[in-house]
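For reference, the structure is listed below as structure tokens.
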Amino acid sequence: MAKKHSRVVIIGGGIIGCLTAWRLAQHGAEPIIIERGRIGHESSWAGAGILCPIQPWLYPDAFTRLIEASLALYPDLQKELQSHTGISPQWLKSGLIMPFFPDDAVNHRQAAIDWSNRFGWQIEQLDTRQAKEAEPALADDVQGALLWPDVGQVRNPRLLKALRTLLQSEGVEIRGQTEVEGLIEKAGRVCGVCLTDDSTLEADAVLLAAGSWSGVLGKQFGISLPIKPVKGQIVLLKSQPGRLTHIVKHDRVYFVPRRDGRILVGASMESVDFKRGNTVVEMHGLLDGLLRLTPQLAHEQIEHQWMGFRPGTPDGLPFLGPIHEKPGLWVASGHYRNGVALAPITAKIMSGWILGEQPDMDMACFSPNRSVQPSSVLGFPDSVECP
Ligand SMILES: Cc1cc2nc3c(=O)[nH]c(=O)nc-3n(C[C@H](O)[C@H](O)[C@H](O)COP(=O)(O)OP(=O)(O)OC[C@H]3O[C@@H](n4cnc5c(N)ncnc54)[C@H](O)[C@@H]3O)c2cc1C
């Protein structure tokens, strides 16, 4: 187990690696982030920033408890980032609305209500008139909706910029454009990493936080971590503040209204390995969803589109904890669709755990050594071989 003042090498400078580095530094440790490209420019930049799982009722209860613990940390985190850096991550409780339509393939109404009541999440059942009042842009054939008024969002690029600025100003070492390719092991313990430029870096502990690439790297390290990329494409509309006020979620699409009026339309779910770029068919699917649900937005201007790779796992749950067969190696990866929502609790738990403090939550469900049960609803969009 590493101790205070320990040197911890973190592989990957996404939201998980960066926030864990910050918490480690606050505990008196010496984190070093090794990032192959630019800090926070992969999944953590690309995501929609919705602070709630898309269909939380599908997950095991342990996951809901982890999410709740994480979301409870967001108000202080965003204040901390803003006061240290002057950059606002635009944390906003915009609420999330889930409308219903006559041609819905699946109706999650009852499952959503039951789950919300069980966990004490505030929920409002809106009839058709109330749904249209809450979100006038919804199509006229909407048949009521569910509204979670407390669901929030952040703007990922701003959050990552604030985090990077904070780390730099506090003197945390960040090595960009630097790639890890192997581990240094001595006397049965992991004690550093090998870089692709043939140099090495010694450490008391190594944290694998390489997002979608953690599965590939795990294989290089001789461990099995079934993490693979699930590509998500997004379209950004330039609109006016107030055209949409809540996050709208329906079936395969969601719309996220930003404070400045921009509306993010997301997101595809694709198993295409690491193939980058936006495609006609997925852009069409997203815009088709927009036209069906909110035809009033048909003439908004398309400003931008992008994609990212979610670090997917077969059961939809992250891998958090020590790798038993490689003492000194830890993993915090596979956050799939919920890495932004789960980042604060991941960083809190992992920083303490690496420095010798046992988590105060039951982490068995997220153990990298668990026997993973693939889930057809939470796992990969289709079955592609894992590393
Ligand atoms: C379209 C889309 C929508 C999403 N929407 C949401 C949402 O609304 N809410 C939510 O909570 N989550 C959402 N997510 C998921 C969330 O963005 C991810 O779970 C989260 O960003 C994962 O963070 P990470 O730090 O693990 O990975 P990343 O941000 O991908 O960071 C991993 C880093 O590791 C680096 N790396 C890889 N290999 C190496 C190596 N060998 N050496 C050094 N560095 C390496 C990479 O370059 C990368 O920067 C979404 C994701 C996408 C793509």
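Position 1 is the first residue of the sequence; numbering continues from there. Just so you know, ligand 1 is whichever comes first in the structure, and atom 1 is the first atom listed for that ligand. All values derive from a computational prediction rather than experimental measurement.
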For ligand 1, which is the ligand I care about here, please tell me if Ile16 has any N or O atom under 3.5 Å from one of the ligand's N or O atoms. yes
Classify the ring geometry of Phe309 against Trp213: parallel below 30°, tilted from 30° to 60°, perpendicular beyond 60°. perpendicular
Show which atoms of ligand 1 fall inside a sub-4.0 Å distance from at least one heavy-atom site of Glu42. 30 (O), 46 (C), 47 (O), 48 (C), 49 (O)
Look at atom 22 (C) of ligand 1 and say which protein heavy atom is nearest, naming residue and atom and giving the distance to 0.1 Å. Pro311 CG, 3.8 Å
Can you tell whether the side chains of Glu133 and Arg129 come within less than 4.0 Å, N to carboxylate O? yes
Do Glu80 and Gln26 have side-chain N/O donor and acceptor atoms under 3.5 Å apart? yes
For ligand 1, which atoms have a heavy atom of Ile15 less than 4.0 angstrom away? 23 (O), 25 (O)
Which atoms from ligand 1 have a heavy atom of Gly232 less than 4.0 Å away? 1 (C)
Closest to atom 27 (O) of ligand 1 among Gly308, Ala343, Gly211, Gly37 (heavy-atom distance): Gly211
Give the single entry among Tyr336, Trp306, Trp213, Tyr254 that approaches atom 38 (N) of ligand 1 most closely by any heavy atom. Trp213
If I compare all heavy atoms of Gln296 with all of Pro136, which pair ends up nearest, and what's the gap? NE2-O, 3.1 Å
His335 neighbourhood, listing ligand 1 atoms whose heavy-atom distance to it stays under 4.0 Å: 19 (O)
Do Asn278 and Gln233 have side-chain atoms, one donor and one acceptor, less than 3.5 Å apart? yes
Closest candidate by heavy atom, reference atom 48 (C) of ligand 1, pool Arg337, Glu35, Lys231: Glu35
Quick test of your reading of the structure: of Cys18, Gly13, Gly47, Ser43, whose heavy atom lies closest to atom 16 (C) of ligand 1? Ser43
Within 45° of the ring axis of Phe221 and under 6.0 Å from its six-membered ring centre, is that where the NZ or CZ of Lys326 lies? no
Is the closest heavy-atom distance from Ala209 to ligand 1 below 4.0 Å? yes
Less than 4.0 angstrom from a charged side-chain N to a carboxylate O is my criterion; do Glu303 and Arg262 meet it? yes
Any ion pair linking Glu202 and Arg7 (charged N to carboxylate O, less than 4.0 Å)? no
Could an N or O of ligand 1 be found under 3.5 Å from any N or O of Phe309, whether backbone or side chain? no
Using only heavy-atom distances, determine whether the side chains of Asp114 and Gln110 contain a donor-acceptor pair under 3.5 Å. yes
So, does Ser212 sit close enough to ligand 1 that a heavy atom of it is under 4.0 Å from the ligand? no
Contacting atoms of ligand 1, where contact means under 4.0 angstrom from a heavy atom of Asn338: 10 (C), 11 (O), 12 (N)
Residue and atom name of the nearest protein heavy atom (relative to atom 11 (O) of ligand 1), distance in Å to one decimal: Ala341 N, 2.8 Å
Ile234 heavy atoms within 4.0 Å reach ligand 1 at atoms 1 (C)
What residue and heavy atom of the protein are closest to atom 44 (N) of ligand 1, and at what distance? Arg36 N, 3.0 Å
Thinking salt bridges, do Arg292 and Asp141 make one under a 4.0 Å N-O criterion? yes
Write down the atom of Cys52, the atom of Val151, and the distance for their closest heavy-atom approach. CB-CG1, 3.7 Å
To check your reading of the model: name the closest protein heavy atom to atom 42 (N) of ligand 1, its residue, and the distance in Å. Val180 N, 3.0 Å
Looking only at N/O atoms, are Ala46 and ligand 1 under 3.5 Å apart anywhere? no
If you measure every N or O of Leu217 against every N or O of ligand 1, does any of those distances drop under 3.5 Å? no
State yes or no: are the ring centers of Phe319 and Phe366 separated by less than 6.0 Å? no
Do His246 and Phe255 have their ring centres less than 6.0 Å from each other? no
Identify, by atom number and element, the atoms of ligand 1 in contact range of Thr178, meaning under 4.0 Å from any of its heavy atoms. 43 (C)
Suppose we measure from atom 8 (O) of ligand 1 to each protein heavy atom; which comes out shortest, and what is that distance? Ile50 N, 2.9 Å
Side-chain donor-acceptor pair under 3.5 Å between Ser333 and Ser214, yes or no? yes
Which residue supplies the protein heavy atom nearest to atom 51 (C) of ligand 1, what is that atom called, and how far is it? Arg310 CG, 3.5 Å
Salt bridge present between Glu42 and Lys231 (N-O < 4.0 angstrom): no
Checking a contact table here: which protein heavy atom is nearest atom 36 (N) of ligand 1, and how many Å away? Ala210 CB, 4.0 Å
Please report which non-hydrogen protein atom sits nearest to atom 21 (O) of ligand 1, along with the residue it belongs to and the distance in Å to one decimal place. Ser44 OG, 2.9 Å
Mark up the atoms of ligand 1 that fall under 4.0 Å of a heavy atom belonging to Glu179, in ascending order. 40 (C), 41 (N), 42 (N)
